[in-house]
Undergrad: 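My questions all concern the structure below.
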Number of protein chains: 2
Amino acid sequence: MEKQTITIYDVAREANVSMATVSRVVNGNPNVKPTTRKKVLEVIDRLDYRPNAVARGLASKKTTTVGVIIPDVTNLYFSSLARGIDDIASMYKYNIILANSDQNDPKEVQVLNTLLAKQVDGIIYMGHKITDELRAEFSRSKTPVVLAGTVDPDEQVGSVNIDYESATEQSVTNLIAAGNERVAFVSGSRMEPINGIYRLNGYKAALEKAHIPFDESLVFEADYSFISGEAIYEKVEEAGATAAFVGDDELAVGLMNGALDRGVQVPEEFEIFTANNSKLTEMVRPKLSTITQPLYDIGAVAMRLLTKLMNKEETDEKTIVLPYNIANRGTTKGE
Amino acid sequence: MEKQTITIYDVAREANVSMATVSRVVNGNPNVKPTTRKKVLEVIDRLDYRPNAVARGLASKKTTTVGVIIPDVTNLYFSSLARGIDDIASMYKYNIILANSDQNDPKEVQVLNTLLAKQVDGIIYMGHKITDELRAEFSRSKTPVVLAGTVDPDEQVGSVNIDYESATEQSVTNLIAAGNERVAFVSGSRMEPINGIYRLNGYKAALEKAHIPFDESLVFEADYSFISGEAIYEKVEEAGATAAFVGDDELAVGLMNGALDRGVQVPEEFEIFTANNSKLTEMVRPKLSTITQPLYDIGAVAMRLLTKLMNKEETDEKTIVLPYNIANRGTTKGE
DNA sequence: AGGATAAATGCAAGCGTTTTATTTAAGTTT
DNA sequence: AAACTTAAATAAAACGCTTGCATTTATCCT
């Protein structure tokens, strides 16, 4: 009455060949005479044989599975990347083990370890900050790792990103050009390199070019949630900002709603530039002006890069920087 | 130079015990003397031994991995469910293989087959419609299946949902009570049971109680995208509707924007009730009035149910219906 | 035809665990 | 102290497949 699986051995017996031959036809090995191949295929079909991927994995030391560490699937920025990852993965016959990390350091390390225990062939990491411990685990294991939408100043593993610094500089420059002298910088924690280093540097560079002194009181740190954005608007306003560059779309939506709910007109009285180009930016009114990151592509390219690393193919460059653009939509006055 | 993994055998040798004993301490089997346990644990730690989950899976016929089929991670409704699923899964030491199906029938069957080939211990399916072929695969395999946010009229597998029919009836009744005589019904394909059967029946029931005849021209089918919603508003307006019940939040956002972009006031001139309570409903302005489904919980409960099925525990009921509520927010006039 | 080369197939040793049946050690009981 | 129980540990057989090597069979030359 138990799930009596039929194995490669059953197929071999029924087809009067050896297991090795069945294995060969299953794996598309060319060293099989067409007539035997046909015979085996028929038996496979008749018995409805389905190769056991676990046994395969043990014997071949390949699981055709990659681990994907994501802060939160519910965040449109990351889920868009994840979508690109999964599409390319399935194109290359890989499956994805998806694990939410909640940007919780110990949990990340633990998740990484269970992924490695499951013998994934590669790992794609999305996150905000790579702790030393995590970095150590990355380099200790021989499993290839690619960062997607995530930078690590210590460029040891592969990564796919855009140039956050120049994109930010350009956005802020736009804001300044529209007459805003006090532009707020709103992002997640400054401990995260993308915020604390790249974006902030871009922001400062834009100020500098406009001969505006950097004012620490215009820099705000918040959670990546619209709730947090709504709450922070008041402080931004109090700081005298007339515009804001925001490092996350959901946060930007919150900030905008904070303004709107107080009767502040956007963009007439307050301009907003956001950074991620998730579909959220086009779902709210006014539509958010944004840096147009190719989210899906970042995931897709990251996965493609990972396939190369897993195959030990030569790769020109492990640190990939994709192009971006700027879209002035409804939250900026610029013509 | 190769990744020379250290195996259970190495640990056994170093600790002067048999593999079996090492296996026992790794698996927390009580039949091992405290002193030996300690000794083994030390060696494990010193050698930095990490059990190979693939070998484990082969030997034990359990992979502690469940397959999750999702139409699109990028859809907030489903990703919210997925979040609940993953949290409970990791609580029970399971990992999730996430596969996007794009509601593409052949792809779904293929995805299911590769999940089964990978010997997942269970499957959670999210989707819109279960084809006969898929249903056949479900019942053919002995692997437990639970549907999350997905109904199958033929209740053979476990499922977790809310009562879509009465929730819809209640929402539409609200709309009618507010004075709307022509309420549009906007959803995804009517081929999908949730739309074509449950919600539509709820809609009809509400009309009937108000003695309003059902008018086929007020029923609209659309894709689950805000683009599609924007496009359809015009038709809804032409049909003379002054309000709409919408089966998907992103679609509802689109519909609302279609109205807003034409200068139609919401809710003053057009009221909207949506169905999923994703965070989208609170991110747009006005906030969408909605059926408040416990999205996270649906996923969580589904995963919990699956763990019971995987352990062959007795379960009172495989078809779980969770409570919902109604939230009148900014897109309805009713107090 | 006969030897040589290439193409197909088979054999069997792993892959790293779990698990069952056994053996050995350690207590208890009388 | 012999006879029994119970607890701990071991040995070895799976688990279902891949793969290097050996072997057989077919094909090609001269």
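Proteins come first, then strands; the chains are lettered A, B, ... in the order of their sequence lines, and each starts at number 1.
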Undergrad: Can you pull the side chain to side chain donor-acceptor pair (under 3.5 Å) pairs that have at least one residue in residues 20-33 of chain B, sequence neighbours excluded?
TA: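 Listed once each, the pairs are B/Ser18-B/Thr21, B/Ser23-B/Asn27, B/Asn27-B/Arg56.
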Undergrad: Provide the full list of salt bridge (Lys or Arg N to Asp or Glu O under 4.0 Å) pairs with a residue in residues 104-118 of chain B, sequence neighbours left out, each pair given once.
TA: B/Asp102-B/Lys107
Undergrad: Can you list every pair that meets side chain to side chain donor-acceptor pair (under 3.5 Å) and has a residue in residues 298-308 of chain B, with sequence neighbours left out?
TA: B/Tyr92-B/Arg304, B/Arg304-B/Thr307
Undergrad: Dump the pairs, protein N or O against N or O of nucleotides 17-19 of chain C, anything under 3.5 Å, distances to one decimal.
TA:
from   : atom 1 : to      : atom 2 : distance (Å)
C/dT17 : OP1    : B/Tyr49 : OH     : 3.0
C/dT17 : OP1    : B/Asn52 : N      : 3.0
C/dT17 : OP2    : B/Ile8  : N      : 2.6
C/dT17 : O5'    : B/Tyr49 : OH     : 3.1
C/dT18 : OP1    : B/Asn27 : OD1    : 3.3
C/dT18 : OP1    : B/Asn27 : ND2    : 2.9
C/dT18 : OP1    : B/Arg56 : NH1    : 3.0
C/dT18 : OP2    : B/Ser23 : OG     : 2.4
C/dT18 : OP2    : B/Asn27 : ND2    : 3.4

Undergrad: Only counting residues at least two apart or in another chain, list the ones meeting side-chain hydrogen bond (donor to acceptor under 3.5 Å, both in side chains) with B/Thr63.
TA: B/Asp121
Undergrad: Quick one about B/Tyr224 and B/Asp72 (side-chain donor to acceptor, distance below 3.5 Å, no hydrogens or angles considered), yes or no?
TA: no
Undergrad: Taking only residues two or more places apart in sequence, or in another chain, which ones meet A/Arg13 in a side-chain hydrogen bond (donor to acceptor under 3.5 Å, both in side chains)?
TA: A/Asp10
Undergrad: Applying side-chain hydrogen bond (donor to acceptor under 3.5 Å, both in side chains), name anything that partners A/Asp45, two or more places apart in sequence or on another chain.
TA: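 With sequence neighbours excluded, A/Asp45 shows a side-chain hydrogen bond (donor to acceptor under 3.5 Å, both in side chains) to no residue whatsoever.
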Undergrad: Students often get this wrong, so: under 4.0 angstrom with heavy atoms, is B/Val54 touching a base, only sugar-phosphate, or nothing?
TA: nothing
Undergrad: How would you list, by chain and number, every residue that makes a salt bridge (Lys or Arg N to Asp or Glu O under 4.0 Å) with B/Glu42, sequence neighbours excluded?
TA: B/Lys38
Undergrad: Identify, with sequence neighbours excluded, every residue that meets side-chain hydrogen bond (donor to acceptor under 3.5 Å, both in side chains) alongside B/Asp316.
TA: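 Partners of B/Asp316 by the side-chain hydrogen bond (donor to acceptor under 3.5 Å, both in side chains) criterion come out as none, since no residue qualifies.
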Undergrad: Tell me which residues in residues 31-40 of chain B lie within less than 4.0 Å of DNA chain C, going by non-hydrogen atoms.
TA: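 Listed by number, there are none.
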Undergrad: For a 4.0 angstrom threshold against heavy atoms of chain B, report the outermost contacting nucleotides of DNA chain D in 5' to 3' order.
TA: D/dA8 to D/dG16
Undergrad: Does B/Tyr77 have any ring-ring contact (aromatic ring centres under 6.0 Å, His included) partners at least two apart in sequence or in another chain, and if so, which?
TA: none
Undergrad: What's A/Asn16 touching, base or sugar-phosphate or nothing? Going by heavy atoms closer than 4.0 Å.
TA: sugar-phosphate
